[in-house]
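For reference, the structure discussed in these notes is given below.
For ligands, and for the atoms within them, numbers begin at 1 and follow the listed sequence. We use all heavy atoms of the structure for the numbers below, so side chains are in, but hydrogens, waters and symmetry mates are not.
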Amino acid sequence: MKKLSILGSTGSIGTQTLEIARNNDDIDVVALSAGSNIGLLEKQAREFKPELICVYDEEKAKELRVNIADLNIKVVSGMEGLIEAAVIDRADIVLTAVVGMIGIRPTIAAIKAHKDIALANKETLVTAGHIIMKLAKECGVKILPVDSEHSAIFQSLQGNQHSRVSKIILTASGGPFRNSTLEELQNVTVEAALKHPNWSMGKKITIDSSTMVNKGLEVMEARWLFDVDYDKIDVVVQPQSLIHSMVEYVDGGIMAQLGTPDMKLPIQYALYYPDRRYLGGERVDFAKIGSITFFRPDTEKFKGFALAYEAGRIAGTMPTIYNAANECAVGLFLDRKIKYLEIAELIEKAMHAHKVTDNPSLEQILEAEKEAHECVKNNI
Ligand code: NDP
Ligand code: MG
């Protein structure tokens, strides 16, 4: 039996994880959590009968408590509650699918409680990778990637020696604006940016995919997950989203993982690793696809992508500034308070204003987050 706690069960990754739980009777969902969507949480509670639910919003938690009074489920709230869901005794694996840096503290708590982590919440690794990976090693805990590119790399590493890796090649779809000019990007609407060509995901990551900041975050995520230098991480645009990423070895051989774009595969692989379970759905028909094409990412047009390598190489608190400025700017763009290209400009301004602290503690990371948010707000 897999005993699973899900952080962010109402989101895109969370609901797909529950689909997997629905199709496999050896997954026991022991805890659920979300920000405020108590309507969906109630449905999930009635179907999966968890022991604990955390609703981050305290008022909504009170409401849910009343609505599910007929079930024997403890309902908690706030950061304390989220941590309670992350360390719940009965769970042996925690799937982290909240969006943003809010995931750092519960992830650290879960590792300290010796839970394996199925990690979707990339912002946590980008900002606190040095703390998380070290702690996971000390606690003998597995960090299993859920992000499709990182799952592909992880799958391509199986059975090979890590010391023989010469390069990691992350693939990118290029997003909805791959063929747009910089001029056209000036007036991108929220609706246009939310239309991803290949994947259906939460709003924040969909915007990040359109700006290619998502790929930038994934470069930093790969740096921590696979312990490689930035010089050894390449990105190639592959618009069909068929090759999910690749690993090149010292003999020039390249291992890749391919498949139709479906997040359920990487989620399921993380939950059952090293086993592979049956998963329904469309199969790749190469002859029907005809061709796979490759392009170099346009770093002029997607400045936010180039800034990620800069932030990652500077290290210390800089990736936190990059990430937190982006989280804040994307929120402002979704609220129609700033223009599309301002997202990257605001990240750059926050990075320039920042004085780096090396090897930051959790407190220093959270301080840097605040600084980035203030800097973005002062610059609009
Ligand atoms: P969604 O926006 O769809 O879902 C986010 C989830 O987090 C929701 O359950 C939401 O609850 C919950 N949440 C938000 N704020 C809080 C909070 N303060 N406390 C507790 N829970 C909270 O995001 P995605 O599922 O798309 O993405 C989740 C993570 O996975 C991100 O880090 C993303 O980068 C990563 N990822 C996602 C992929 C995808 O295909 N979607 C692919 C690869 C990585 P509520 O519904 O109540 O707001
Ligand atoms: Mg990805």
Side-chain angles (χ1 to χ4, degrees), residues 5-19 31-44 53-61 63-64 76-86 94-107 117-127 144-154 170-175 194 196 198-209 212-222 225 235 238 241 243-245 257 261-267 270 323 326-327 330-331 334:
S5 167
I6 306 176
L7 307 182
S9 65
T10 56
S12 160
I13 294 289
T15 52
Q16 293 183 83
T17 304
L18 287 173
E19 250 182 81
L32 296 172
S33 57
S36 60
N37 187 351
I38 54 169
L40 185 51
L41 273 176
E42 178 173 347
K43 284 196 193 117
Q44 295 179 344
I53 296 181
C54 171
V55 190
Y56 196 82
D57 182 311
E58 202 168 321
E59 288 306 309
K60 295 282 180 188
E63 255 182 75
L64 183 66
V76 293
S77 68
M79 181 50 77
E80 230 172 90
L82 203 53
I83 291 175
E84 199 174 330
V94 177
L95 182 121
T96 64
V98 292
V99 56
M101 286 177 67
I102 187 106
I104 297 182
R105 291 177 57 198
T107 305
I117 307 291
L119 186 134
N121 178 224
K122 63 189 84 184
E123 295 91 346
T124 283
L125 217 50
V126 165
T127 55
L144 300 149
V146 168
D147 209 343
S148 59
E149 293 77 2
H150 305 74
S151 175
I153 294 162
F154 186 55
L170 279 170
T171 52
S173 72
L194 283 176
H196 195 279
N198 305 345
W199 299 94
S200 158
M201 311 177 283
K203 280 187 182 172
K204 192 259 178 185
I205 185 175
T206 304
I207 300 296
D208 287 352
S209 298
M212 286 195 75
V213 163
N214 181 53
K215 210 48 57 182
L217 294 172
E218 290 183 352
V219 167
M220 294 191 257
E221 186 185 8
L225 277 173
V235 172
Q238 194 274 281
S241 291
I243 303 177
H244 298 308
S245 279
Q257 186 252 326
D262 181 354
M263 283 308 297
K264 286 198 289 299
L265 189 152
I267 296 170
N323 176 73
N326 177 62
E327 283 188 25
V330 169
L334 286 170

### Query
Which parts of the protein, at residue level, reach under 4.0 Å of ligand 1 through a heavy atom?
G8, S9, T10, G11, S12, I13, A34, G35, S36, N37, Y56, L82, A97, V98, V99, I102, A120, N121, K122, E123, D147, M201, G202, I205, M263
Is the backbone N or O of [Y] less than 3.5 Å from a side-chain atom of [X], with the two atoms forming a donor-acceptor pair by type?
X	Y	answer
Q238	I243	yes
E218	E149	no
Q16	S12	yes

### Query
Is atom CD of E19 surrounded by more than 12 heavy atoms (other residues, nucleotides or ligands) closer than 6.0 Å?
yes
### Message
Please evaluate residues N323 and K122 with respect to the criterion side-chain hydrogen bond (donor to acceptor under 3.5 Å, both in side chains), reporting the C-alpha separation (whole Å), side-chain torsions for both, the decisive distance (0.1 Å), and the verdict.
### Response
CA-CA 10 Å; N323 176 73; K122 63 189 84 184; over 6 Å; no
### Task
To the nearest 10 degrees, calculate the angle at the Mg ion (ligand 2) involving OE2 of E218 and OE1 of E149.
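Seen from the Mg ion (ligand 2), OE2 and OE1 are separated by roughly 100°.
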### Task
Mind checking side chain to side chain donor-acceptor pair (under 3.5 Å) for D208 and listing every partner two or more places apart, or none if nothing turns up?
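If we apply the side chain to side chain donor-acceptor pair (under 3.5 Å) test to D208, skipping adjacent residues, the hits are K204, N326.
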### Task
Determine, step by step, whether T10 and N37 satisfy the side-chain hydrogen bond (donor to acceptor under 3.5 Å, both in side chains) criterion, reporting the C-alpha distance in whole Å, the side-chain angles of both residues, the deciding distance to 0.1 Å, and the verdict.
CA-CA 7 Å; T10 56; N37 187 351; 4.7 Å; no
### Message
For N/O/S atoms only: which one belongs to D147 and is nearest the Mg ion (ligand 2)?
### Response
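The nearest such atom is OD1.
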